[in-house]
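Before any comments, here is the structure.
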Amino acid sequence: MTQLSSPRLTIWNEFRHELENPKVHAVYPEGIHQAIAAGLREQGLTELQLATLDEPEHGLSAEVLDRTDVLLWWGHKAHDEVSDEIVSRVVERVLSGMGLIVLHSAHFSKVFKRLMGTSCDLKWREANDRERLWVVQPGHPISEGVGEYLELEAEEMYGEHFDIPAPDELIFVSWFSGGEVFRSGCTYTRGSGKIFYFRPGHETYPTYHHAGIQRIIANAARWAAPTQSAPRSFGNRQPLETLPERRS
């Protein structure tokens, strides 16, 4: 199977906190989606589209998704405002082969919860915890170039139990200075689509400006891109060989 050398990426963001909260605006004046896009460009990924909640069809028309190999999703305060029609459209595209990267509080997005089939709930605390993100799959493409661990001086804490299905692969485990641990980098396959959940990225911290976080997201985008492989087919088929006649 051949991986796409330059996947077409769409970065989706609610774009509400940045407009309503001065503290968030100071960290991400042009929006979290723009900061993620800048990091991806630094990593050599330049085929980018941006989409936000308040655009028509949330910026995710059929035409936009048809031009998307990997969709990156950040959401927090407005999960319930995402149209069920758009959720179904995104889920169908994932099942058909589009990659999906679910960032931070998008664990509670309608899209991720539908694909997981669980509550996706967890423990949390916003108290400037130090986070040490340990690599537990050092040979995986998503952790390439990261080293043994990555440290963030201040982040929101997420703690176990994280109510998700057992991941296909566990790439990162976080430790927090308050003592909690969390499965922070999880991969899944749903239909033909590859999914990566990545925990860091609370809106009041400059996490998406961190070069190591940018590297991981870019690695994940390349990993999640569709591969050129044999088409999947279903339904009734005629035999490839001549079958013996059935005895009466």
Side-chain angles (χ1 to χ4, degrees), residues 4-83 85-94 96-112 193-211 213-226:
L4 292 173
S5 58
S6 183
R8 300 166 300 172
L9 311 179
T10 298
I11 304 165
W12 190 89
N13 174 28
E14 287 177 353
F15 198 35
R16 293 282 183 82
H17 288 286
E18 303 94 314
L19 300 177
E20 299 169 1
N21 185 331
K23 185 176 180 180
V24 179
H25 180 78
V27 180
Y28 298 109
E30 297 182 346
I32 288 171
H33 52 306
Q34 291 283 7
I36 293 170
L40 290 169
R41 292 187 188 103
E42 285 291 319
Q43 296 293 325
L45 294 169
T46 58
E47 293 196 51
L48 305 175
Q49 304 177 101
L50 304 177
T52 58
L53 176 65
D54 292 323
E55 295 177 59
E57 299 184 81
H58 310 319
L60 297 175
S61 66
E63 293 75 18
V64 167
L65 290 176
D66 285 344
R67 298 193 304 269
T68 302
D69 297 313
V70 181
L71 174 64
L72 296 86
W73 191 286
W74 195 99
H76 185 200
K77 67 183 297 183
H79 299 310
D80 289 343
E81 295 183 42
V82 178
S83 157
E85 178 183 355
I86 302 303
V87 171
S88 295
R89 183 182 295 168
V90 170
V91 167
E92 286 303 312
R93 284 285 290 122
V94 172
S96 298
M98 182 182 71
L100 177 67
I101 299 174
V102 179
L103 297 169
H104 188 59
S105 47
H107 69 89
F108 259 160
S109 65
K110 289 181 179 181
V111 167
F112 190 60
K194 290 184 282 187
I195 301 168
F196 179 58
Y197 172 75
F198 189 45
R199 195 218 72 82
H202 187 65
E203 66 273 6
T204 59
Y205 300 109
T207 301
Y208 294 120
H209 298 304
H210 190 291
I213 296 298
Q214 294 172 348
R215 175 68 177 268
I216 290 168
I217 294 173
N219 287 348
R222 292 185 172 100
W223 168 85

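The line from CG of L65 to OG of S96 is 11.0 Å long, rounded to the nearest 0.5 Å. Atoms OG1 and CZ, on T207 and R199 in that order, are 7.5 Å from each other to the nearest 0.5 Å. Atoms NE2 and CD1, on H210 and I216 in that order, are 8.5 Å from each other to the nearest 0.5 Å. L48 contributes atom CG, which lies 6.5 Å from atom OG1 of T46 (distance to the nearest 0.5 angstrom).
Residues R8 and Q49 are not in side-chain contact: their nearest non-hydrogen atoms beyond the backbone lie 4.5 Å or more apart. Using a 4.5 Å heavy-atom threshold, the side chains of V94 and L71 count as separate. V90 is listed as a side-chain neighbour of M98, based on a closest heavy-atom distance under 4.5 Å. The closest side-chain heavy-atom distance from R222 to L45 is below 4.5 Å. Side-chain contact between L9 and I101 is absent, with no heavy atoms from C-beta onward closer than 4.5 Å.
In terms of heavy atoms, F112 sits closest to A106 at CB-O, 3.6 Å. Closest approach of E30 and F15 over heavy atoms only: O-CE1, 4.0 Å. Of all heavy-atom pairs spanning V70 and A221, the tightest one is CG2-O, 3.4 Å. Listed here is the closest heavy atom pair of V82 and K110: O-NZ, 2.8 Å. Shortest non-hydrogen contact noted between A51 and G59 is CB-O, 3.5 Å.
In this structure, E63 does not pair ionically with R67, as no charged nitrogen and carboxylate oxygen lie closer than 4.0 Å.
Under the 3.5 Å distance criterion, the side-chain polar atoms of E55 are matched with a main-chain donor or acceptor of T52. Judged purely by atom type and a 3.5 angstrom limit, E14 uses its side chain to pair as donor or acceptor with the backbone of H76. Judged by distance alone, with hydrogens and angles left aside, the side-chain atoms of R93 form a donor-acceptor pair with the main-chain N or O of T68 at under 3.5 Å. Remark: the backbone N or O of G201 is paired with a side-chain donor or acceptor of W74 at under 3.5 angstrom. Under a 3.5 Å cut-off, the side chain of K194 and the backbone N or O of W223 do form a donor-acceptor pair. Counting only distance, with no hydrogens or angles, the side chain of Q214 and the backbone of Y208 share a donor-acceptor pair below 3.5 Å. In this structure, E18 contributes its side chain and I32 its backbone to a donor-acceptor pair below 3.5 Å. At distances below 3.5 Å, at least one donor-acceptor pair connects side-chain atoms of H79 with backbone N or O atoms of S105. Here the side chain of H58 pairs a donor or acceptor atom with the backbone of S83 at under 3.5 angstrom.
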Handout entry: Working for side-chain contact (heavy atoms from CB on, under 4.5 Å), residues V27 and T204
Key = CA-CA 7 Å; V27 180; T204 59; 5.8 Å; no
Exercise for the section: Show your working on side-chain contact (heavy atoms from CB on, under 4.5 Å) between N13 and I36 and close with a plain yes or no. Expected result: CA-CA 10 Å; N13 174 28; I36 293 170; over 6 Å; no
Practice task
Give the intermediate values and the outcome of side-chain contact (heavy atoms from CB on, under 4.5 Å) for residues T10 and L60.
Solution key: CA-CA 9 Å; T10 298; L60 297 175; 4.2 Å; yes
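Using modelled atom types, one finds no donor on one side chain facing an acceptor on the other under 3.5 Å when comparing N21 with E203.
Under the ring-ring contact (aromatic ring centres under 6.0 Å, His included) criterion, F108 pairs with no residue, sequence neighbours left out. With sequence neighbours excluded, the residues forming a salt bridge (charged side-chain N to carboxylate O under 4.0 Å, His left out) with R16 are D54, E81, listed by chain and number. Remark: E92 pairs with L95 by the side chain to side chain contact (heavy atoms under 4.5 Å, CB included) rule, at least two apart or across chains. Under the ring-ring contact (aromatic ring centres under 6.0 Å, His included) criterion, H104 pairs with Y158, H202, not counting sequence neighbours. Partners of F196 by ring-ring contact (aromatic ring centres under 6.0 Å, His included), not counting sequence neighbours, listed by chain and number: F198. Evaluation of the ring-ring contact (aromatic ring centres under 6.0 Å, His included) rule for H25 yields no partner, not counting sequence neighbours.
Counting non-hydrogen atoms of other residues, nucleotides and ligands closer than 6.0 Å to CD of E47 gives a total above 12. Crowding of E20 atom CD: a count of heavy atoms from other residues, nucleotides or ligands under 6.0 Å exceeding 12.
Each of L50, L72, L53, V111 was evaluated against W12; a single residue qualifies, L53, per the side chain to side chain contact (heavy atoms under 4.5 Å, CB included) test.
In this structure, Y28 has its ring center under 6.0 Å from that of H209.
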